[in-house]
Amino acid sequence: MPEETPFKIAVPDDALSLLQRKLADTRLPDEVEGAGWDYGTPLSDIKRLVDRWRGGYDWHAHERELNQHLPMFTRDIEVDGFGVLNMHYVHKKSKVAGAVPVLFVHGWPGSFIEVSKILPLLTAGGAGHPSFHVVAPSLPGFGWSEAAHKPGFRGTHYAELFNKLMLSLGYSEYVTQGGDWGHVITRILASQYGPKHVKASHTNMPICSTDIFGTFRNNPLRFAKYLLTPYTPREREGMARSRMFQKTGMGYFAQQSTRPQTLGYNLGDSPVGLLAWIYEKIGPGTDNYPWTDDEVLTWISIYWFSRAGPSASTRIYYELSKSEEVFRTPRTSVPVGISFFPKEVFHAPRELLRAELNVVFESEHDAGGHFAAYEKPEALVDDLRRMFGRGGPAAGVVPGHSGF
Amino acid sequence: MISDEEPFQISVPDDAIALLKRKLEDTRFPDEVEDPGWDYGAPLADIKRLTERWRNGYDWRAQERELNALPMFTRNIEVEGYGSLNVQYVHKRSTVEGAIPLLFVHGWPGSFIEVTKLLPLLTASSPDHPSFHVVAPSLPGYAWSEGVLKKGFQGKHYAELFNKLMVSLGYTEYVTQGGDRGRLLTLTTASIYGPKHVKASHTNAPVAEPLTFRRNPFRFIKYMVTPYSAQEVQAAADAERFLRVGAGYSLEHSTKPQTIGYSLEDSPVGLLAWIYEKLVAWTDAYPWTDDEVLTWISIYWFSRAGPTASVRIYYELAKSNESLRFPEISVPFGISIFPKEVVRSPRAFLSAKASIVFESEHEAGGHFAAWEQPEALASDLRAMFGKYGPAANVVSGCSGY
């Protein structure tokens, strides 16, 4: 096992006192009568969360919990044209030596914390189900990973970074799991490093490339089937949800993908501004997940106290939109598994996905939203166990690492 | 006879200034990628310099005194369904009794301050050009006008507000000038209250919806076969670029004004960057001084309703589908086209919507025409409304001389 530098989060006291000073001086806006969520994050929620953040919320206790339950490390990884980036990651090996190595990639406004509930389940040994070795990095510019300092850090660079991370940990062959940006990055990873290194991919965020003609050329028969198959009620509901989100919920995307620096001054300087910006997505983005205030504040504090600051986390939108990689995710022959959760905001028709990708596993759920690993850990892990377990469609994809 | 006006002086409380100072001192700056220029947004070096100046050196009280030299007033105006709104406005009469009453309406991220340079030019008396009485209100939720906390405040409500303001000041007939949001709002006023009250309208924001075959079949066909002018080609490229990389703020304002509002309300540097990016992007190499920028932003920071109130107009006008519309007007219409104005629609779109009696194209100037090119804009208004101009004597008994 190559050397790893253990890492513990240790936010300095002066950072904590600065936060407290800022919270004490919070200047709140008024609100339109009966606004609800229509105009953005509601004032009553923000007031309550700010009050808690100021008095009652104990960052040190949550920091301790993260340090205790998540085995974290840092490692320098060189990326072509960008020099060395110091990466923060969670790494837990199963007791089962032949466990399946899985790279778990989060998105925005998530973080490495999203692996916390699935970690014990994935690494648990068992007669009936496979076990996994889990690597869950913080994206560059998120959590305690260093941010890229030069412009133009694209999908191919994320792929290089993460493939090198896995190789450096001794996993030359592995599988991936990702939602949100994790979906896009693991797709690019599979396209660039599969099937040599990336053996299979799983996602909980099913989106299609906008390159419809490419999909047709890739699999004309399947594409024809897509054209002829009526949408199921679930699909129609999902697409209606997507359309609503496109219509009313894409302001953050437009700003982050065009002028992230301008927004970054706000997010870096204002705790309440950062809170509102993120809570707008995690509040309604789940399937009635019973967020506690402290949970929300921990998710936001990870951004507030992050190594590179909150602004850096928005640049992924700029870079990957500029290169169109977020819209035209590349094709790959690597086997893909998809878990469909009803309250996910991004949806795609099943037949179109089957025409675009080598879909070997599908699972439809009755509950759950965008943050599947956090909202429905058992369901997601169950899907992965079935996909990679004995008799599963991706059983034994990683030679010597069947999971048993 | 002009009925009672409450004179108004800006007087920001000391503790508001102290809070701003405290926040500025605790500013936490973001990082920046190497050599980004303006690609990613407002550059860090600019923002750091401006923040430092705002914290130490910028004298709000001196700026406040200067603004208070403008003749400002407040008045309660009733808007149907919204009750009484207290509106702050600049009002300057010319010495010429028969001067033309003119309503000047600003937009975002501007304010009443935009009338400052025009004021002496428009109210000046001369045998060679017409004179104007000028009324320049702050939109509800901007500067020291009360904000609206009830949903659905749309174009027609602004129109009602403005018309009542002008009539209450004794101007039953008047003309309008507007840019940015002011374009839509003054044209809506002209649409509803013209030609009875609004006699003519002028804008420096030449925006109109595209022609469609269904609505104007002949014009559409003619438009399709007429080649674009060089300026129109440039304008189309500029508009495409704006929509592609410069309109994030607009989508956010139009969909989640409250969310971005928390940042703008709480973070001076956040508000500064959000607005400064546009002050530079939308002007034609205008040599902003730091203190000028900081005054424009301080008006938002210290505003009566707070910065969040100012972005809600985007949401409401998007909901009513009015944002890019050109309302139907029957009164004479004039346009001044400045090369760096953000969206410049093809001539054919504009002439389909209104009778363009006056048109002027300039070599320099951008979105904030009244601030960047006050002489040019004043000159245009004088030409449009002057003795031999296309809109001469539109206001009965007010030739301007």
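Just the heavy atoms: all of them, side chains too, but no hydrogens, waters or symmetry mates, feed the values below.
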ask   = So what's closer than 4.5 Å to chain A heavy atoms on B:Glu25: side chain, backbone, both or neither?
value = neither
task = Determine the option with the most heavy-atom pairs under 4.5 angstrom with chain A, choosing from B:Tyr249, B:Phe29, B:Tyr276, B:Tyr262.
result = B:Tyr262
query = How about B:Phe302 and B:Trp60: are their ring centres within less than 6.0 Å of each other?
reply = yes
note = Bottom line for B:Arg244: the part with an atom under 4.5 Å from chain A's heavy atoms is backbone
key: CD on A:Glu319 to CD on A:Glu325, rounded to 0.5 Å   = 9.5 Å
Between A:His88 and A:Ser138, a side-chain donor and acceptor under 3.5 Å = yes
ask   = What part of A:Leu28 is in contact with chain B, defined as an atom under 4.5 angstrom from a non-hydrogen atom: side chain, backbone, both or neither?
value = both
request  = Heavy-atom pairs under 4.5 Å with chain B are the metric here; pick the option from A:Pro260, A:Ala147, A:Ala254, A:Gly249 that has the most.
outcome  = A:Pro260
Candidates A:Lys47, A:Arg48, A:Arg52 - the one meeting salt bridge (Lys or Arg N to Asp or Glu O under 4.0 Å) with A:Asp293 = A:Arg48
key: Pair A:His370-A:Asp180, side-chain donor/acceptor within less than 3.5 Å   = yes
task = Look at the rings of A:Trp108 and A:Tyr252 and say which category their plane angle falls in: under 30° parallel, 30 to 60° tilted, over 60° perpendicular.
result = parallel
ask   = Among A:Leu274, A:Asp30, A:Thr26, A:Asp38, who wins on heavy-atom pairs under 4.5 Å with chain B?
value = A:Asp30
inquiry  = Report which part of B:Glu277 has an atom under 4.5 Å of a heavy atom belonging to chain A: side chain, backbone, both, or neither.
reply    = side chain
ask   = Non-hydrogen atoms of chain A under 4.5 Å away: do they reach the side chain of B:Pro36, the backbone, both or neither?
value = neither
B:Glu316 and A:Tyr39 side chains, donor-acceptor separation under 3.5 Å = yes
ask   = In terms of heavy-atom pairs under 4.5 Å, which option from A:Leu275, A:Thr248, A:Thr262 contacts chain B the most?
value = A:Thr262
query = Does any donor atom in the side chain of A:Gln256 or A:Trp277 lie under 3.5 Å from an acceptor atom in the other side chain?
reply = yes
query = Most heavy-atom pairs under 4.5 angstrom with chain A, which of B:Thr27, B:Val148, B:Leu19, B:Leu149?
reply = B:Leu149
message = With chain B as the partner, which of A:Val32, A:Thr314, A:Asp269, A:Thr258 has the greatest number of non-hydrogen pairs under 4.5 Å?
response = A:Asp269
ask   = If you count heavy-atom pairs under 4.5 Å between each of A:Lys322, A:Lys247, A:Glu31, A:Arg21 and chain B, which one has the most?
value = A:Glu31
query = Are B:Ser84 and B:Glu78 linked by a side-chain donor-acceptor pair shorter than 3.5 Å?
reply = no
remark   = Answer key: most heavy-atom pairs under 4.5 Å with chain B among A:Thr41, A:Leu43, A:Leu263, A:Val272 is A:Thr41
ask   = For B:Tyr315, is it the side chain, the backbone, both, or neither that has a heavy atom closer than 4.5 Å to a heavy atom of chain A?
value = side chain
message = For B:Lys151, is the NZ atom crowded, meaning more than 12 foreign heavy atoms sit under 6.0 Å from it?
response = yes
ask   = Of all the residues in residues 40-50 of chain B, which have a heavy atom that comes within less than 4.5 Å of a heavy atom in chain A?
value = B:Tyr40, B:Gly41, B:Ala42, B:Pro43, B:Leu44, B:Ile47
query = Between A:Tyr289 and A:Glu295, do the side chains contain an N or O donor and an N or O acceptor separated by less than 3.5 Å?
reply = yes
ask   = Within a strict 4.5 Å, meaning less than it, do heavy atoms of the B:His157 and B:Tyr82 side chains meet?
value = yes
query = Does B:Arg28 make a cation-pi contact with A:Tyr265, if we ask for NZ or CZ under 6.0 Å from the ring centre and within 45° of the axis?
reply = no
